Amino acid sequence: MNNLPYIIGALVILAVMEGIAWFVLRTPSVPEFEAVPATEEKVSQVQPEKQEQSEPLQVSLEEKKPEATSDSGSFPSPTTEVVDGVTERTIHIGVRQWEWNPNVIRAKAGERVRLIIHNADVRHTLVIPDLGIDVDIPPDGAVADFMVTKKGSFDFLCGTYCGVGHAEMQGTLVVE
Ligand code: CUA
């Protein structure tokens, strides 16, 4: 029975070590608790991005409208040049949501028309159904070359959906 104090002492030491071990082993779980809020932060960061994805179209429209307005009327006037007996008419035209500027353009039968299209915003398409013309207009603009052989008024429109006013993008090519 002389060993009893030593046994009790050993048990106390074991208990203390157990306590230390418990404390040491539970500390790694602390970062795990921190990791949970961290992922929540990531989720909360993703959500604003998703919201932004649904908005940029409207934002860009409002931002670019004033720019397009300031561009209106600043294009060079039409010019003509005779090349190999054919009159080439160069016409600058602006396009933006949701109009052509000007929306009436004029040429003469027998001319070659060179339309220099300045785009102020999103993708549009110039379509002149009666003349079989369909020209893609990316945001940086396009050039359309075509002969006009018959007199008349030919409506043109936008062939690529570009927003709520898409259907209102109408104009007329008058061939005299
Ligand atoms: Cu421009 Cu549709």
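Predicted, not measured: the structure shown is a model, and the values here were computed from it. Counting starts at 1 for both ligands and their atoms, following the listed order.
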Next on the checklist: Using the rule that Ile, Leu, Val, Met, Phe, Trp and Tyr join whenever any side-chain heavy atoms are under 4.5 Å apart, tell me whether I128 and L157 fall into a single cluster.
Outcome noted: no
Item to check | Within-2.8 Å protein N/O/S contacts of atom 2 (Cu) of ligand 1 | outcome: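 Those protein N, O or S atoms (cut-off: under 2.8 Å from atom 2 (Cu) of ligand 1) are C158 SG, T160 O, C162 SG, H166 ND1.
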Next on the checklist: Could you check whether any side-chain heavy atom of R106 comes within less than 4.5 Å of a side-chain heavy atom of I91, counting everything from C-beta outward?
Outcome noted: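 When only atoms from C-beta onward are counted, I91 and R106 do not touch, as no gap falls below 4.5 Å.
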Next on the checklist: With a 4.5 Å cut-off on side-chain heavy atoms, are D134 and T125 touching?
Outcome noted: yes
Checklist entry - What residue pairs, at least two apart or across chains, pass ring-ring contact (aromatic ring centres under 6.0 Å, His included) with a residue in residues 131-156? => result W100-F156
Next on the checklist: Minimum heavy-atom separation for C162 and Q97, please, with both atom names.
Outcome noted: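 Minimum heavy-atom contact is O-NE2, 2.7 Å.
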Checklist entry - Could K151 and E176 be called an ion pair, given the rule that one side-chain N must be under 4.0 Å from one carboxylate O? => result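 E176 and K151: not salt-bridged.
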